[in-house]
Amino acid sequence: MISIVIPAYNEEENIPLAKAAIFSALKGEPAEIVFVDDGSKDLTWQKICEESGENVRGIRFSRNFGKEAAIRAGLEAASGEAAVVIDCDLQHPPETINEMLKKWREGAKVVAGKKSSRGKEAKSYGLSSKIFNALMSRSTGFDMTGASDFMLLDRQAIDAVLSYKEQGSFFRALAQFVGFSYAEVEYHVAAREHGSGKWTFKKLCAYAAKNIAAFSYLPLYLSVFAGAVASAAGLCLLVLTAAGLDLGSFGGGSAALILLCGLILCALGVIGFYLSRIYDEVKRRPKYIISDDTEKKGFEK
Ligand code: UDP
Ligand code: MG
């Protein structure tokens, strides 16, 4: 049996559609669906309850904890020998799951869906998502071009991913980081038919910054490097001034001083950001809180 994990945030129209499309694409393959309602404000939970049953489970968060937390909760609830994480809006074509299953049966423990084209979306969104993936590739050391959370994980890989307890986890990188045999399948991103995308440029920037801090010390090294360059420049200016060269306003060292101050502030900011991440980790807060579960008795509709 395989598990299909679907994070859902304000997806009322998409719940029944996703269920029908996935089961029909799977053509009788034994499967369960785990919907995780990430604190939706619309009728998503009611729809999940209506669709729940023998092969469909619903878990509801007490508020919006974010897609990463929803994926984790879904994987924790999944009981299959493998799990496929897929978006609720059908932008990830359900038929591709069959190709993923084929690669899995051929021996791959992690099968990632790779976007070969992007569906209809605003130009600015496509660009910010490209920048995001380029930044992610740089900082994680994995090729993240066209990467998404549309992935199949073997039971071994699921358990490995779940053994990482850090707060700032980044599922699509972690799934590669655990290091099992890896394969890819290409897919075309379909257009979202109902509801709207949940990412804004601001959300994407915050997500990128968190993930970079979770996987890389590059910003710290960069700030040290920039500090060293600025210090060397400041020193040169000082030596030249001492040698009697007329450097105009730079001669007074004021520009160099401003430059240095800026760099120090910048470096402090980077250190502060990492400190805040450490603070988040040591607090050991739960990554999500479940308010309802269709498999628990007495749950609220
Ligand atoms: N999602 C979620 N929590 C959030 C935001 C999004 O569970 O806070 C879900 C959403 O319901 C969808 C998937 O994550 O199933 C992808 O979201 P979206 O379609 O907005 O992102 P995009 O397709 O632009 O990557
Ligand atoms: Mg989408």
Side-chain angles (χ1 to χ4, degrees), residues 4-19 21-22 33-48 51 56-78 83-94 96-97 112-133 136 144-151 167-173 187-208 210-211 287-292:
I4 310 289
V5 170
I6 313 182
Y9 178 54
N10 296 342
E11 303 278 10
E12 55 184 12
E13 297 103 332
N14 288 323
I15 301 290
L17 298 179
K19 176 187 161 186
I22 287 167
I33 290 183
V34 182
F35 281 111
V36 183
D37 176 6
D38 184 12
S40 301
K41 294 185 177 67
D42 63 0
L43 297 177
T44 298
W45 181 245
Q46 276 86 333
K47 296 281 172 194
I48 292 175
E51 299 297 331
V56 180
R57 177 174 178 184
I59 289 169
R60 183 192 204 183
F61 284 175
S62 58
R63 65 163 167 84
N64 181 247
F65 281 88
K67 190 183 178 189
E68 287 286 332
I71 291 175
R72 188 175 181 97
L75 290 177
E76 278 173 0
V84 176
V85 176
I86 185 167
D87 281 0
C88 196
D89 54 13
L90 296 172
Q91 287 196 279
H92 299 156
T96 308
I97 299 176
K114 201 131 187 135
K115 294 172 189 163
S116 59
S117 72
R118 302 192 68 96
K120 270 189 237 150
E121 60 189 3
K123 276 227 167 69
S124 61
Y125 182 79
L127 183 70
S128 46
S129 148
K130 261 204 187 119
I131 297 173
F132 174 81
N133 284 330
M136 291 302 108
M144 292 271 152
T145 24
S148 69
D149 294 323
F150 186 24
M151 285 203 180
Q167 298 288 332
S169 64
F170 181 33
F171 171 69
R172 65 184 85 157
Y187 71 95
H188 296 278
V189 183
R192 181 186 252 278
E193 298 209 348
H194 298 279
S196 53
K198 315 291 182 282
W199 291 103
T200 57
F201 183 68
K202 202 174 137 201
K203 256 186 150 181
L204 208 58
C205 286
Y207 189 51
K210 267 192 179 177
N211 295 332
K287 293 180 186 68
Y288 55 82
I289 291 169
I290 292 177
S291 66
D292 290 294

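Fair warning: this is a prediction, and the values are worked out from it, not measured in the lab. Whatever order the structure lists ligands and atoms in, that order sets their numbers, starting from 1.
- In summary, D87 and K67 engage in a salt bridge, as defined by a charged side-chain N under 4.0 Å from a carboxylate O.
- The contact set between ligand 1 and E11, taken as ligand atoms under 4.0 Å from a residue heavy atom, comprises 10 (C), 11 (O), 12 (C), 15 (O).
- Neither the backbone nor the side chain of V36 has a heavy atom within less than 4.0 Å of ligand 1.
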- [ ] Show the numbers, then the answer: is there a side chain to side chain donor-acceptor pair (under 3.5 Å) between D38 and N64?
- [x] CA-CA 5 Å; D38 184 12; N64 181 247; 3.0 Å; yes
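- Listed by atom number, the atoms of ligand 1 under 4.0 Å from D87 heavy atoms are 13 (C), 15 (O), 16 (C), 23 (O).
- Ligand-side atoms of ligand 1 in range of D89: 19 (O), 23 (O), range being under 4.0 angstrom from any heavy atom.
- Applying the side-chain hydrogen bond (donor to acceptor under 3.5 Å, both in side chains) criterion to N211, with sequence neighbours excluded, gives no partner residue.
- When only interatomic distances are considered, the shortest N/O to N/O separation between C88 and ligand 1 falls below 3.5 Å.
- Within the listing of ligand 1, atoms 18 (P), 19 (O), 20 (O) sit less than 4.0 angstrom from a heavy atom of R192.
- Shown in contact with D38 at under 4.0 Å from a heavy atom are these atoms of ligand 1, numbered in order with element: 2 (C), 3 (N), 4 (C), 7 (O), 8 (O).
- Salt bridge status for E51 with K47: absent, with no side-chain N to carboxylate O gap under 4.0 Å.
- Both tests do not hold together for R172 against F170: distance to the six-membered ring centre under 6.0 Å, angle to the ring axis within 45°.
- Looking at I97 and I86, their side chains come closer than 4.5 Å, going by heavy atoms from C-beta outward.
- The N/O atoms of P7, backbone and side chain alike, include one that comes under 3.5 Å of an N/O atom in ligand 1.
- For Y9, there are no ring pair (Phe, Tyr, Trp, His ring centres under 6.0 Å) partners two or more places apart in sequence or in a different chain.
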TODO: Please assess I290 against S62 for the test side-chain contact (heavy atoms from CB on, under 4.5 Å), listing each intermediate value before the final yes or no.
DONE: CA-CA 6 Å; I290 292 177; S62 58; over 6 Å; no
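- Within a radius of less than 2.8 Å around the Mg ion (ligand 2), the protein N, O or S atoms are D89 OD2, Q91 OE1.
- Ring pair H92/F150 is parallel by interplanar angle, where below 30° counts as parallel and above 60° as perpendicular.
- Partners of Y288 by ring pair (Phe, Tyr, Trp, His ring centres under 6.0 Å), not counting sequence neighbours, listed by chain and number: F61.
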